[in-house]
2 protein chains.
Amino acid sequence: MNIVQEESLRDRKKNERRELLIEVARRQIASNGLRSLKIRDVASAADCSIGSVYNEFDDFDGLILTVNRETVGRLDAVLAAVPDQDPVQHLFGLADAYLGFFTEHAHLLWSLFEHRMENDRPFPDDLLQMVMRTFALMHAPMVRLLPDRDPVEVALLARMMFSAAHGIISLGLEARMVAVPPDSLRFQVAQFVETQLIGMNILPRR
Amino acid sequence: MNIVQEESLRDRKKNERRELLIEVARRQIASNGLRSLKIRDVASAADCSIGSVYNEFDDFDGLILTVNRETVGRLDAVLAAVPDQDPVQHLFGLADAYLGFFTEHAHLLWSLFEHRMENDRPFPDDLLQMVMRTFALMHAPMVRLLPDRDPVEVALLARMMFSAAHGIISLGLEARMVAVPPDSLRFQVAQFVETQLIGMNILPRR
DNA sequence: CGGGTTATTTGAACAATGTTCAAATGGATA
DNA sequence: TATCCATTTGAACATTGTTCAAATAACCCG
């Protein structure tokens, strides 16, 4: 049996269209936010009918989730590329990389955090797993810094620190309220990590 | 001229209806989230027509904003009631009170943070002022704890700490991902504040 | 190449929901 | 009671997600 299937014309067009649809949707979310995304706009921008969007994605949520999945993937790649030799510098690097990604793709990240499934359907498990895996990138340096602590505690601590940093960045970038100036925000994040590490007896007092 | 105006039957009915509409809307948001709020449901629950809701509030945003304003007012009252004798205990108390209010009224607080105006209209200034004033409650103990620092720096620090705590609580309560158990969350918040204060040389190392 | 078969695409129609406004209603007033 | 005007009403409209039967296009085989 031939495993390597020849790609038919149908499949190629289908794949091209799918990529185009995702790209169009991502651009719209990235520039004007999740709430500005409309099926009809996506369809007309991709030069196809409304029905074709439904053919490719089960429903509106399906399209959003696909964009969000790719966003998590990109974030994961950025965070995974942070140098990890020294665990302290690793933590500072992760925080700064998260800030950088958030600043550059604020609407995409907000889409990830703000999106709620229609009709109280459950959040898809695979995306949850992806998010958890990205969370876990913060876990590694914390384990190295606190080798004697209960690993469960350390996991909670890592998640707590991520949530705190996320709060600082997310509210700091919110233009609706008075946004924190970018330089100040960068300083705040670094200061938060440093203060936290000092408080945990990992860095010396200043 | 008579300043104390006799309340006419018209006015009384109008005020009663207004209160009822707000109450109905708040209950709906509190129990099922902002997205579940529908004009028609509110109208029928208040036993009046759709148009009457529009008569009382300019539009849908107007109703939501009214509920959100009251939420900020209630939060402000709760936080203002926290004992403020010792600034360190004051900070712990504020964090715990915020956690308590958030836990009890999660959907109402999410409504406050998630709501976006229709058509990119600006966020109303009076509500922004209310939120800022509530933020400022955290400011006072920080000033007492860091009397020698630049007040502008302290203000940024206070906002940073609020944002961090908000992130910890908000993501911690999110059931969509794996929610942090309530007791664990309470511990995390207290631990965050303590670590932060130690790192800022305000509390001794443990 | 042609005809049959199957997959895909299309867009009109539907459902849900925020919004408007002319007519009806009802409280105030003389 | 009669007139006047504020308020209320709900039908109609606009937007937007969703469905599905008909049209179209790709594939396959003789």
Side-chain angles (χ1 to χ4, degrees), chain A residues 1-2 5-22 24-25 28-29 32-68 111 114-121, chain B residues 2 4-22 24-25 28-29 32-68 111 114-121:
Chain A
M1 191 183 190
N2 196 357
Q5 183 69 37
E6 176 101 17
E7 194 186 51
S8 64
L9 174 60
R10 258 211 287 247
D11 292 346
R12 187 157 37 82
K13 286 176 87 171
K14 192 178 177 67
N15 288 339
E16 275 169 15
R17 171 124 88 198
R18 183 184 175 85
E19 292 310 313
L20 179 57
L21 287 171
I22 297 172
V24 163
Q28 183 59 38
I29 295 175
N32 289 90
L34 176 57
R35 292 196 26 157
S36 76
L37 188 68
K38 314 288 173 197
I39 289 276
R40 283 168 177 75
D41 293 347
V42 172
S44 83
D47 201 37
C48 70
S49 72
I50 302 166
S52 288
V53 182
Y54 278 85
N55 182 289
E56 207 54 53
F57 309 93
D58 289 349
D59 51 18
F60 199 44
D61 278 349
L63 174 57
I64 297 168
L65 287 170
T66 302
V67 173
N68 285 352
S111 165
E114 289 178 1
H115 174 59
R116 295 293 175 279
M117 300 292 286
E118 210 64 36
N119 293 103
D120 291 327
R121 273 184 299 182
Chain B
N2 197 357
V4 179
Q5 184 67 38
E6 175 104 15
E7 194 186 51
S8 63
L9 174 60
R10 258 212 288 248
D11 292 347
R12 186 155 38 80
K13 285 176 87 171
K14 190 179 178 68
N15 287 339
E16 274 170 15
R17 170 123 87 199
R18 182 184 175 85
E19 291 310 314
L20 178 57
L21 286 170
I22 297 172
V24 164
Q28 183 59 37
I29 295 176
N32 288 83
L34 176 57
R35 293 196 26 160
S36 77
L37 188 69
K38 313 288 174 198
I39 289 275
R40 282 168 177 76
D41 293 348
V42 172
S44 84
D47 201 37
C48 69
S49 72
I50 303 166
S52 288
V53 181
Y54 278 85
N55 182 287
E56 207 55 52
F57 309 94
D58 288 349
D59 52 17
F60 199 45
D61 277 350
L63 175 58
I64 298 169
L65 286 171
T66 302
V67 173
N68 284 352
S111 165
E114 288 177 2
H115 173 58
R116 296 292 176 279
M117 300 291 286
E118 210 65 34
N119 293 102
D120 290 328
R121 272 184 299 181

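Throughout, protein chains are lettered first and strands after them, A, B, ... in sequence-line order, and every chain is numbered starting at 1.
- Scored by the side-chain hydrogen bond (donor to acceptor under 3.5 Å, both in side chains) test, A/S36 finds A/Q28 as partners (sequence neighbours excluded).
- Taking all atoms of both residues into account, the shortest heavy-atom contact from A/L21 to A/L63 is O-CD1, 4.4 Å.
- Phosphate contact (OP1/OP2 of C/dG27, side-chain N/O of B/K13, threshold under 4.0 Å): present.
- One finds no side-chain N or O of A/R17 lying less than 4.0 angstrom from the OP1 or OP2 phosphate oxygen of C/dT8.
- Computed from coordinates, the B/E16 CD to C/dG27 P distance equals 13 Å when rounded to whole Å.
- Comparing D/dG10, C/dT10, D/dA26 by their closest approach to the side chain of A/C48 singles out C/dT10.
- Atoms CZ (B/R116) and P (C/dG18) sit 18 Å apart, rounded to a whole Å.
- Residues of residues 35-43 of chain B having a heavy atom closer than 4.0 Å to DNA chain C, listed by number: B/L37, B/K38, B/I39, B/R40.
- Looking at heavy atoms from C-beta onward, A/L20 lies out of side-chain contact with A/C48 at the 4.5 angstrom threshold.
- Taking every heavy atom of residues 50-65 of chain B and every atom of DNA chain C, pairs under 4.0 Å involve B/I50, B/Y54, B/D59, B/F60, by number.
- Here C/dA16 presents its C1' atom at 11 Å from CG of A/N119, a figure rounded to the nearest Å.
- The interatomic distance linking A/R12 (CZ) with C/dT8 (C1') rounds to 16 Å, in whole Å.
- To the nearest angstrom, P of C/dG18 lies 13 Å from NE2 of B/H115.
- For B/R18, the salt bridge (Lys or Arg N to Asp or Glu O under 4.0 Å) partners are B/E56, not counting sequence neighbours.
- Partners of A/N32 by side-chain hydrogen bond (donor to acceptor under 3.5 Å, both in side chains), not counting sequence neighbours: none found.
- Remark: B/D59 engages B/R121 in a side-chain hydrogen bond (donor to acceptor under 3.5 Å, both in side chains) (not counting sequence neighbours).
- Between the C1' atom of D/dT16 and the CD atom of A/Q28 lies a distance of 14 Å, rounded to the nearest Å.
- In this structure, A/E118 atom CD and D/dT19 atom P are separated by 11 Å, rounded to whole Å.
- Rounded to whole Å, atom P of C/dT10 lies 10 Å from atom CG of A/L21.
- Under the salt bridge (charged side-chain N to carboxylate O under 4.0 Å, His left out) criterion, no residue pair touches residues 36-53 of chain B, with sequence neighbours excluded.
- Not counting sequence neighbours, the partners of A/R35 by the salt bridge (Lys or Arg N to Asp or Glu O under 4.0 Å) test are B/E118.
- B/E19 pairs by the salt bridge (Lys or Arg N to Asp or Glu O under 4.0 Å) definition with nothing, not counting sequence neighbours.
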